[in-house]
Amino acid sequence: MKLLRRTLIATAALIALGAQAAATVGQPAPDFTLKDATGKTVRLSDFKGKHVVLEWTNPGCPFVRKHYDSGNMPATQKDATGQNVVWLAVNSTEKASSDYLEPAKLTAWLTERKAVPTAVLMDEEGTVGKSYGARTTPHLYIVNPQGVLVYAGGIDSIPSARPADIEKATNYVKVGLSEALAGKPISAATTQPDGCSIKYK
């Protein structure tokens, strides 16, 4: 009886864990609905048939600022959207955090840096971030036209807040997108995300 109870408890724990399990490369990307910075409803499934990049961002993070202030993230976005790829910047910073920027201020910060995401999504409750297992800013994902997650990880191969490292680094998102758009499997489909931990609620 004790063993059965232990097994049931372990099973319940696994089920609970499964509900919190991060999205997995090779599996369908969790669908979601969020409001963008203008208050418009955006669903991931609206973009089925296109490649989609999800970028977790937080302007309060030095790693994020490195890639935006240097122009690297805007250039990567431009390269992607120029090839008909949808780019969704997601902010999962909770409202109580000192890093939180309200939608208009977040948009202004991105605009100042010539960022060109398709939409800026507000995830203050952290539901979508947690469903993807997003841990850091930046943390990036690529979803293919069939809605399958094909990349999860960092923007590039050098985890630092130094802009000088950008030139020497391999931009995993650029390489992954070019492979995916050419119909090839992504050579580095899972990489280590680096940056600041997401300030979840």
Side-chain angles (χ1 to χ4, degrees), residues 21-30 32 44 47-48 50-93 110 113-121 123 128-198:
T24 310
V25 167
Q27 298 296 315
F32 60 78
L44 177 63
F47 304 109
K48 216 152 193 187
K50 289 187 173 189
H51 284 89
V52 179
V53 174
L54 303 174
E55 171 216 344
W56 262 264
T57 191
N58 164 20
C61 171
F63 287 78
V64 170
R65 289 201 298 271
K66 162 194 169 178
H67 289 290
Y68 274 97
D69 292 347
S70 65
N72 185 45
M73 192 70 83
T76 306
Q77 292 168 345
K78 199 173 183 181
D79 186 64
T81 55
Q83 297 178 82
N84 208 24
V85 172
V86 171
W87 190 292
L88 303 176
V90 185
N91 192 321
S92 294
T93 308
L110 291 165
R113 283 149 186 84
K114 299 182 169 57
V116 288
T118 310
V120 179
L121 306 181
D123 179 39
V128 176
K130 286 172 186 170
S131 76
Y132 275 81
R135 299 198 305 274
T136 61
T137 52
H139 197 157
L140 290 107
Y141 299 80
I142 299 172
V143 180
N144 75 8
Q146 292 74 44
V148 173
L149 193 65
V150 291
Y151 175 77
I155 183 169
D156 67 23
S157 57
I158 302 179
S160 83
R162 289 184 304 272
D165 288 334
I166 291 169
E167 268 178 59
K168 299 173 274 182
T170 300
N171 186 318
Y172 290 134
V173 177
K174 242 181 197 175
V175 172
L177 270 177
S178 68
E179 289 170 338
L181 288 163
K184 298 175 186 169
I186 294 179
S187 48
T190 310
T191 66
Q192 182 66 35
D194 290 288
C196 310
S197 60
I198 294 175

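When reading the values below, keep in mind they use all heavy atoms of this one structure, side chains included, and skip hydrogens, waters and symmetry mates. These numbers were taken from a predicted model, which means no experiment stands behind them. One is the number of the first residue; the rest follow in order along the sequence.
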Is it the case that the side chain of [X] and the backbone of [Y] share a donor-acceptor pair, with hydrogens and angles ignored and the cut-off at 3.5 Å?
| X | Y | result |
| --- | --- | --- |
| E55 | L140 | no |
| Q27 | V148 | no |
| R65 | P59 | yes |
| S70 | P163 | no |

Give the minimum heavy-atom separation between [X] and [Y], together with the two atoms involved.
| X | Y | result |
| --- | --- | --- |
| P30 | A23 | CD-CB, 3.6 Å |
| P145 | K48 | O-CG, 3.6 Å |
| F63 | P159 | CE2-C, 4.1 Å |
| V25 | A189 | CG2-O, 3.7 Å |
| H139 | G133 | CE1-O, 3.7 Å |
| M73 | P138 | CE-CB, 4.0 Å |

Can you label the angle between the Y132 ring and the Y141 ring as parallel, tilted or perpendicular, going by 30° and 60°?
->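 Plane angle over 60°, so perpendicular.
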Quick one: are V53 and V85 in side-chain contact, heavy atoms under 4.5 Å?
->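 A side-chain contact exists here, since the closest heavy-atom pair is under 4.5 Å.
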Do E179 and P185 come within less than 4.5 Å of each other through their side chains, counting heavy atoms only?
->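 A side-chain contact under 4.5 Å is absent here.
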Regarding [X] and [Y], is there a side-chain donor-to-acceptor distance under 3.5 Å anywhere?
| X | Y | answer |
| --- | --- | --- |
| N91 | T57 | no |
| Y151 | T190 | no |
| Y172 | Q192 | no |

Tell me, please, which residues at least two apart from N171 pass side chain to side chain contact (heavy atoms under 4.5 Å, CB included).
->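 Side chain to side chain contact (heavy atoms under 4.5 Å, CB included) list for N171, sorted by chain: N72, T76, I155, V173, K174.
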Can you measure from [atom1] ([X]) to [atom2] ([Y]) and round to the nearest 0.5 angstrom?
| X | Y | atom1 | atom2 | value |
| --- | --- | --- | --- | --- |
| S197 | N58 | OG | CG | 9.5 Å |
| L88 | T118 | CG | OG1 | 6.0 Å |
| Q146 | H51 | CD | NE2 | 7.5 Å |
| W56 | T136 | CH2 | OG1 | 10.5 Å |
| K66 | D156 | NZ | CG | 5.0 Å |
| L121 | L54 | CG | CG | 8.5 Å |

Candidate pair I142 and V52, rule side chain to side chain contact (heavy atoms under 4.5 Å, CB included), full reasoning = CA-CA 6 Å; I142 299 172; V52 179; over 6 Å; no
Disulfide bond (SG atoms under 2.5 Å apart) contacts touching residues 50-93 (sequence neighbours left out) |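 Qualifying pairs, neighbours excluded: C61-C196.
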Passing candidate, side chain to side chain contact (heavy atoms under 4.5 Å, CB included) with V150, options L177, V143, N144 =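 Only one of L177, V143, N144 forms a side chain to side chain contact (heavy atoms under 4.5 Å, CB included) with V150, namely N144.
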When you look at S160 and D165, which way does the side-chain hydrogen bond (donor to acceptor under 3.5 Å, both in side chains) test go after all the steps?
-> CA-CA 7 Å; S160 83; D165 288 334; 2.6 Å; yes
